[in-house]
Amino acid sequence: MSVDLEKILRPVDHEMAPYEPKYMMLASGEAVVVRQVFRDEIPDLLKHVEPLIHVERDFYDVVAARVYAELLGYYQYRFQDQYVLALQVDGELAAIVNGRQVTPTLGLSLHTLALRRGLRIGAHGFAAKMEYHIDTLGHDEVLIVAESPIGFRRWMIEYKLEKRFHIPHELGGVPSWALTRELFDRARSKLVVGRRPVPPELLNKAMEKILPPSDPPTPPLDPLAATRSMYDPTATSLVQQRWEMEKGMENA
Amino acid sequence: MRDVYVAGIGITTFTRLEYPLTEIASYASMMALKDAGLTEVDQIYVANMGSPRVNHQTALASAVADSLSLLPAGAAAIENGPASGAAAIKAGFQAVASGMDDVVLVAGVERMREVNNLEATDFVATLTHPLTEYIYGVTLPSHAAMFARLYMEKYGVTERHLAMVGVKNQNAALNNEWAHLQQEISMEGILDSPEAMTNNPYVAEPLRFFDACPVSDGGAAIILVSKEKAQELGRPMIRLSGIGQATDTHAVFEREEPTDLLAVRKAAEDAYAMSGLSPDDIDVAELHDAFTILEIAESEEVGFFPKGEGHIALEKGETALGGRIPINVGGGLKGRGHPVGATGVAQAWEIVTQLRGDGGKRQVEGARTGLTLNFGGFGNNVVCLTFVRED
């Protein structure tokens with residue numbers, strides 16, 4: 001008798017209500033659309049996440065590597081009850097947030113990856129996914145961890161999260177924090193924004209294609225320069241490198 | 001007293017710099033030396049406010065002298081709060097003007113992002129009065145907020161005016177490749193849209209997030225020389241023509257009228273008197289907009305506009321590029337960033353860039369005179385400089 005191993009390996013997803021798209025205005029005056037993306041669009045996201053694996057700053061490398069694995073797991077049916085939201089500005093990918101449902105009353109936040117910095121795009125994305133957990137899926141609380149100091153400030157401090165340190169989070173087994181419905185309600189007026197419905201022209205632009213970010217985070221000029229300079233107190237190598245770079249730019 | 005000229009300028013990108021403090025100062029200094037065509041100096045002054053506390057490093061000027069192989073030049077660090085940069089330029093001026101030295105390197109540097117934002121805010125707050133301000137939790141944002149509230153009540157300044165300064169300066173930084181903030185903002189996004197309160201929350205009411213400068217790392221440097229040396233080097237002849245420095249009460253509550261920035265007024269008057277210029281003669285200015293309200297108030301105190309009318313001039317576009325007196329065309333502290341010890345030197349760097357005609361997209365057409373205003377404490381130690389292009 002043959003056994004279809006795929007049926008064993010593939011988790012059974014529970015039905016989850018869809019996220020209703022919304023949009024909001026950024027400090028720049030641009031509109032950002034938040035919408036749910038499904039399996040067919042995951043390959044587009046993977047293309048834009050992969051370069052960030054090589055960005056050795058602000059933990060982009062760790063977060064991007066994990067997001068890549070989570071998206072791939074979702075795409076290849078190796079992740080249970082995951083959802084993915086994309087934030088797009090004029091079609092361009094600005095952030096990805098994802099999470100999953102653990103039980104009908106418990107959610108788990110996976111990642112918030114901002115591909116454009118400085119406009120609270122990541123913060124808006126995080127708020128949107130909490131809205132999805134609490135308001136749409138009806139979760140009582142969401143388990144959260146931060147992998148960077150920026151994330152810690154944005155989630156643990158701004159939302160005043162409660163400790164659930166007895167629960168190891170799925171991300172690295174580290175102690176969890178939790179956003180409860182009550183905490184979310186308290187934060188709602190200050191941190192959760194967005195307008196619905198999304199005007200058709202904005203939504204259509206977002207749905208048309210996930211365009212690559214035009215100004216993604218990039219690696220530092222030379223991630224080893226600071227380390228090397230510890231052995232090179234005159235900083236000669238760094239300065240020479242910068243001058244060579246400038247010369248190159250002048251000649252370009 | 002001899003005339004003093006700026007023969008070289010250098011700057012690093014203002015951002016988060018994960019390099020040792022000495023290296024940041026040295027890089028800006030090497031750029032300035034290269035610009036001037038010099039390999040030796042007589043004296044080095046390094047402006048810095050927080051290295052002993054924030055970076056656990058002292059005797060910074062000695063370190064810079066050695067790292068640049070400028071031995072055996074004299075070297076001293078100068079700490080004068082956020083006005084350290086211009087105070088160091090003043091010291092450099094005195095050294096050259098007195099005839100003691102012919103070539104002086106003045107560098108300013110700060111690496112504030114080595115600590116988190118709360119610690120950085122606390123470190124800057126140590127300049128407040130220890131017994132009547134600091135121990136009660138007063139910080140610079142709270143000082144500026146109280147000042148802004150008084151200004152609003154007395155002169156009719158509104159949050160819209162503050163946001164206008166923020167938008168003007170942050171967007172001006174887009175034309176300055178060295179500036180920290182390279183992100184366009186709009187009035188709609190930070191003030192008028194339903195999301196504005198989340199995008200731009202109150203930090204210390206009535207000041208919001210985009211009313212404050214960022215916490216930055218960075219370095220800047222200038223080379224001051226005698227007239228003979230300047231002629232020999234062949235760089236554009238830009239004279240440091242006026243210097244004024246003044247102090248005010250340490251505790252702000254002791255001021256008779258807290259909305260009057262008397263030290264700014266006095267420093268500017270002295271700089272004008274020394275240079276023989278008047279406010280109307282200034283083509284381009286760098287004011288200390290650590291908070292947006294300060295640009296408005298300072299533009300009045302340095303004599304560009306009557307008291308209480310800075311915000312009206314702002315509304316008319318008189319302080320924008322192309323206006324009657326363009327202010328902070330390189331982004332100011334708001335857009336370029338504010339590594340405190342470097343700021344006064346960076347302001348001079350911008351003015352010299354302008355007077356050389358090297359401002360690119362932010363160039364003030366035909367600029368021949370410039371002014372910088374470096375505001376220390378909460379206005380209790382202020383240095384004003386004027387520059388004139390002579391050739």
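- For chain B, the option among A:D215, A:L191, A:V193 with the highest count of heavy-atom pairs below 4.5 Å is A:V193.
- Between A:H133 and A:Y83, the angle of the ring planes goes over 60°, which puts this pair in the perpendicular group of the 30/60° scheme.
- Ranked by heavy-atom pairs under 4.5 Å with chain B, the first of A:G29, A:A27, A:G194 is A:A27.
- Counting only heavy atoms from C-beta outward, the side chains of A:Y159 and A:I144 never approach each other to under 4.5 Å.
- Looking only at heavy-atom pairs under 4.5 Å with chain B, the residue among A:H124, A:K190, A:R195, A:R117 that has the most is A:R195.
- Residue contact with chain A, scored on non-hydrogen atoms closer than 4.5 Å, is absent for B:F209.
- Contact annotation for B:E188: both backbone and side-chain heavy atoms come within less than 4.5 Å of a heavy atom of chain A.
- Contacts of B:N117 with chain A are made by side-chain atoms alone, with heavy-atom separations under 4.5 Å and no backbone atom involved.
- Taken to the nearest 0.5 Å, the NE2 atom of A:H139 stands 8.5 Å off from the CD1 atom of A:I134.
- With respect to chain A, the highest number of heavy-atom pairs below 4.5 Å among B:A63, B:S193, B:A196, B:P201 belongs to B:S193.
- At most 12 heavy atoms of other shown residues, nucleotides or ligands fall within 6.0 angstrom of atom CD in A:E182.
- Ring centroids of B:Y27 and B:Y19 are separated by 6.0 Å or more, keeping the two rings apart.
- Salt bridge A:K22/B:E195: absent, no basic N to carboxylate O contact under 4.0 Å.
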